[in-house]
Protein chains: 2
Amino acid sequence: MDAPLPPGVSRASFDKALHEFADIVGSRWASSSREDRETYHDAFNAGDPLEFVSGGFVAPADVAEVQAVVRAAGRYGVPLWPVSAGKNLAYGGAAPLVPGTVVLDLKRMNRILEVNEDLAYAFVEPGVSFFDLHRHLRENGIKLWMSVPGPGWGSIVGNGLERGIGYGYYSDHFGTSAGIEVVLPDGELLRLGMGAMANSNSWPLLNYGYGPSLDGMFTQSNYGVVTKMSRFLLPEPESYLSCEVNCRYDAGLEALIDTLRPFQLEETIRNPVVITHALLVASFLSVRSDWYDGNGPVPDAVLDAIQEKLKLGRWNASFALYGSERKVDDSWQRIKQAVSSIDGVELAERRYHPGDPIVHPRDQSQAGIPNLAEFSLANWYGSGGHIDFSPVGPATGKHARIMVDRARRRIQGFGFDHLSGFYCDKRVMRYINTIVFRKDDAAELARVRDMFGLLITDLAEGGYGEYRTHLAYMDAVASTYDFNDHAMRRFQERLKNAIDPKGIIAPGKSGVWPRGYRA
Amino acid sequence: MDAPLPPGVSRASFDKALHEFADIVGSRWASSSREDRETYHDAFNAGDPLEFVSGGFVAPADVAEVQAVVRAAGRYGVPLWPVSAGKNLAYGGAAPLVPGTVVLDLKRMNRILEVNEDLAYAFVEPGVSFFDLHRHLRENGIKLWMSVPGPGWGSIVGNGLERGIGYGYYSDHFGTSAGIEVVLPDGELLRLGMGAMANSNSWPLLNYGYGPSLDGMFTQSNYGVVTKMSRFLLPEPESYLSCEVNCRYDAGLEALIDTLRPFQLEETIRNPVVITHALLVASFLSVRSDWYDGNGPVPDAVLDAIQEKLKLGRWNASFALYGSERKVDDSWQRIKQAVSSIDGVELAERRYHPGDPIVHPRDQSQAGIPNLAEFSLANWYGSGGHIDFSPVGPATGKHARIMVDRARRRIQGFGFDHLSGFYCDKRVMRYINTIVFRKDDAAELARVRDMFGLLITDLAEGGYGEYRTHLAYMDAVASTYDFNDHAMRRFQERLKNAIDPKGIIAPGKSGVWPRGYRA
């Protein structure tokens with residue numbers, strides 16, 4: 001099969017572009033062979049894994065090569081889909097939205113440019129993964145902790161640009177970054193924040209420079225290719241207490257959220273409070289057939305058995321306390337007192353000091369140690385497809401209940417298990433619904449697609465919008481951001497046409513289409 | 001004297017525009033009378049107070065009127081200079097950069113739209129000052145604390161949009177905001193973050209929506225008129241300790257910064273560590289003639305006498321600890337131990353519990369109580385002109401010393417007193433040099449102008465850029481952000497031309513000029 005062509009690009013133009021790419025980066029690092037095209041498929045797609053198939057890839061070694069590739073792409077009108085490590089699990093992996101788009105793979109740009117212990121940050125290229133940085137810190141005896149997301153194989157830069165969240169102290173990964181460098185669609189190099197001054201001392205430290213601040217524009221974005229970024233780190237604390245506040249009953253969800261939120265607002269709890277449903281925890285630790293062989297959602301009676309066996313609550317809140325021993329003890333005592341009146345509550349704690357081994361996966365995550373423990377959830381049904389439905393709501397018990405009810409009715413109505421958890425920040429929570437399905441069952445894939453579209457609508461009707469979504473639903477999610485006749489999308493597209501008039505970078509990403517693509 | 005006309009606008013067009021403005025907002029609220037034009041002068045300008053004179057003003061009552069005014073301005077090509085409360089002390093007040101620009105005064109839009117105690121935020125219009133919100137919180141018994149800047153008369157929205165900093169817990173005022181609504185230069189209404197969804201529950205809570213995040217674009221910006229914004233607040237803490245760590249010797253500056261920074265990095269200290277030179281403190285509390293009548297900078301011997309009399313260090317670090325009594329005590333004990341080895345250190349502390357009266361101005365500021373105490377500095381020489389020179393550097397003692405040396409040499413070289421202080425965050429510090437001068441001395445004003453230009457260059461040569469500046473230096477400061485042939489300014493101007501092709505909103509602000517203005 002020939003490589004699919006991007007819209008409006010002739011075979012001859014496409015081939016010339018690929019030749020130029022190969023001239024720039026070396027022939028090993030640019031190809032449209034079938035094998036290379038399919039390397040960048042989305043293994044978890046709820047549909048044909050090749051639905052979003054690339055036209056090939058190009059992997060530059062440095063910023064100058066990125067600039068040259070972007071300029072060549074512009075000459076031939078060949079769109080590029082930039083990926084850092086290309087994981088983006090559950091949201092499309094490395095696959096581009098428009099078939100035939102060439103993946104601009106930044107994996108070779110994997111230098112850790114600087115780690116500064118005095119000012120507690122790392123400055124990295126897009127190819128550096130959480131695992132890479134963690135290894136570097138450990139091997140060099142650097143006493144700084146990262147915030148890591150669930151699976152740790154992804155790119156620090158890529159996760160930040162998607163506005164990913166983590167389990168650690170600085171859990172808002174984009175909000176605790178600076179030092180961004182961007183190759184614009186015309187090949188120009190731009191440095192953001194203080195880096196707009198050529199000899200700045202503060203580039204990796206502050207994302208405000210002078211005049212309009214542009215960092216946010218380059219997140220979830222197709223306005224440029226980010227080639228450098230810093231991430232703030234936390235000095236290793238004197239002590240670290242991993243805390244669990246679990247509740248046996250479904251009805252405890254509201255109380256968990258409303259009782260723990262004040263401790264987040266006062267910053268006694270500084271990392272996200274993650275409140276996980278028993279069935280999602282079970283999917284990390286086991287497979288469905290261990291518990292139930294029936295069709296349709298796992299019944300409540302089975303849930304009770306799972307809770308009993310795995311010693312779980314129906315809802316399981318975990319978070320961390322960091323700092324001096326006395327501060328941590330005081331904080332935990334105040335929290336324990338506050339939650340003690342919740343019916344069916346059960347507490348657990350695990351304390352660590354510098355040098356102590358940390359083996360519990362959640363405790364690793366909260367201590368900035370990347371791992372892949374949560375990844376096993378994809379095998380819940382056996383043949384692991386997995387996408388996430390991730391609406392945002394105000395961090396109150398009342399809103400949590402509404403979100404659970406709306407998502408559960410729809411997901412169970414389609415016969416799927418409802419695996420979900422809340423990532424609560426001070427004021428908002430992201431409600432991650434992990435949709436796991438059998439990849440080898442075409443009818444089931446079709447049901448997932450239908451269900452997902454309805455979930456988007458169900459939650460949007462209640463005022464809850466997704467913070468991030470899979471390729472297949474980018475337009476649908478963007479459509480729910482509908483204030484003033486979709487003023488945001490119209491404005492984002494006006495910017496797109498000003499910044500990228502040829503529509504070279506990631507057409508369609510986040511529902512933002514260049515001129516010519518949108519009818 | 002007739003009102004000055006904006007470039008390229010005829011008297012007839014200008015008058016027609018003013019008539020339309022009056023039709024929209026009512027004749028009381030739009031005028032180009034001499035008195036009204038001059039109301040918006042910059043009282044602290046280092047030059048003719050009417051150097052930056054407006055062509056008049058228009059004060060809409062609501063968002064629909066803002067939209068109508070912006071559209072009418074576009075029809076006649078009359079530029080508008082949006083101000084919230086119009087204070088912007090030391091950076092130009094309410095005055096527009098281009099003479100003849102009409103001030104778009106948002107003071108009538110002064111509603112506190114919502115204060116939410118459960119989620120700890122306020123949602124306000126641009127005309128709401130720090131004083132207004134504080135009064136509202138107090139009168140309604142709402143136990144939430146703001147972060148306030150030095151003088152408290154300014155607008156919460158305006159200060160946030162200028163990326164102002166405060167003394168409280170959430171000292172990065174823009175970084176702790178969301179819920180932005182913008183009238184674009186074509187009159188379209190845009191809501192940012194989650195507000196891009198019409199019925200969103202999370203608009204005031206999260207500045208990330210879906211796709212490219214645009215909040216930062218509208219800071220220090222002329223891309224639109226911000227008409228709503230939220231600000232996060234801190235629940236009143238169980239106890240509050242105001243701490244001082246002062247050092248008698250100039251040489252203690254480095255040790256203060258390097259010893260206190262780790263406590264900020266670990267967030268034991270959560271508000272800025274403000275390290276003020278003795279002479280700046282003296283300017284809050286006294287006038288120069290109390291101490292010295294000579295020409296040229298106050299000599300070191302007089303400084304010693306000031307320190308002795310006012311019981312000051314040469315450098316005076318103040319910060320706050322908030323939280324439970326035990327946490328605060330533990331934190332202060334750890335800090336005291338760390339600073340005890342600094343030669344010439346002196347400590348002070350003042351403890352408060354809910355309901356305690358707070359009278360010390362710094363303690364008020366750290367507790368979110370706005371005041372005007374620092375404002376008296378403008379009278380240091382008697383006839384109060386005042387502009388600020390505000391470079392940013394990495395928050396280390398080494399960089400602090402370099403910045404002090406460069407600024408002091410230049411400022412004292414011009415015969416002025418060097419009044420300065422550091423606002424230290426975890427990783428960066430803003431070094432505020434308060435330049436006070438006699439407004440009635442034309443030669444002195446000319447010296448200030450010359451000196452300021454050289455200060456910008458002196459610090460830029462060392463890699464330090466201003467975070468904010470006065471009207472008169474916007475171009476000069478923008479020019480120091482020079483990476484890749486001023487790629488940032490060129491990109492900001494490309495966006496300007498896409499968003500505001502008629503150049504209606506605040507031409508020249510932050511060095512960003514619309515097409516036609518720039519030769």
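Residue numbers begin at 1 in each chain, while the letters A, B, ... track the order of the sequences.
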Over-ring placement of Arg427(A) relative to Phe232(B), 6.0 Å and 45° cut-offs: yes
Tyr322(B) versus chain A, the contacting section by heavy-atom distance below 4.5 Å: neither
Portion of Pro237(B) that has a non-hydrogen atom of chain A nearer than 4.5 angstrom: neither
Option in Asp330(A), Ile499(A), Asp172(A) with maximal non-hydrogen atom pairs under 4.5 Å from chain B: Asp330(A)
Chain A contact via Thr469(B) - which portion, at a heavy-atom distance below 4.5 Å: both
Any side-chain heavy-atom pair of Thr219(B) and Pro212(A) under 4.5 Å: no
Per-residue contact mode, Glu238(B) against chain A (heavy atom under 4.5 angstrom): side chain
Donor-acceptor side-chain pairing of Tyr169(A) and Glu267(B) below 3.5 angstrom: yes
SB check Arg494(B) Asp186(A) (cutoff 4.0 Å): yes
Which atoms of Val392(B) approach chain A - backbone, side chain, both or neither, heavy atom under 4.5 Å: both
Heavy-atom proximity to chain A below 4.5 Å, by part of Leu495(B): side chain
Contacting moiety of Arg163(B), where chain A heavy atoms sit under 4.5 Å: side chain
Which of Tyr481(B), Tyr464(B), Phe174(B), Tyr121(B) touches chain A most, by non-hydrogen pairs under 4.5 Å: Tyr481(B)
Largest heavy-atom contact set with chain A, pairs under 4.5 Å, which of Ala460(B), Gly323(B), Ser331(B), Gly511(B): Ala460(B)
Side chain, backbone, both or neither of Asn207(A) within contact of chain B (heavy atoms, under 4.5 Å): neither
Top contributor to chain B contacts, counting heavy-atom pairs under 4.5 Å, from Tyr467(A), Phe218(A), Trp203(A), Tyr223(A): Tyr223(A)
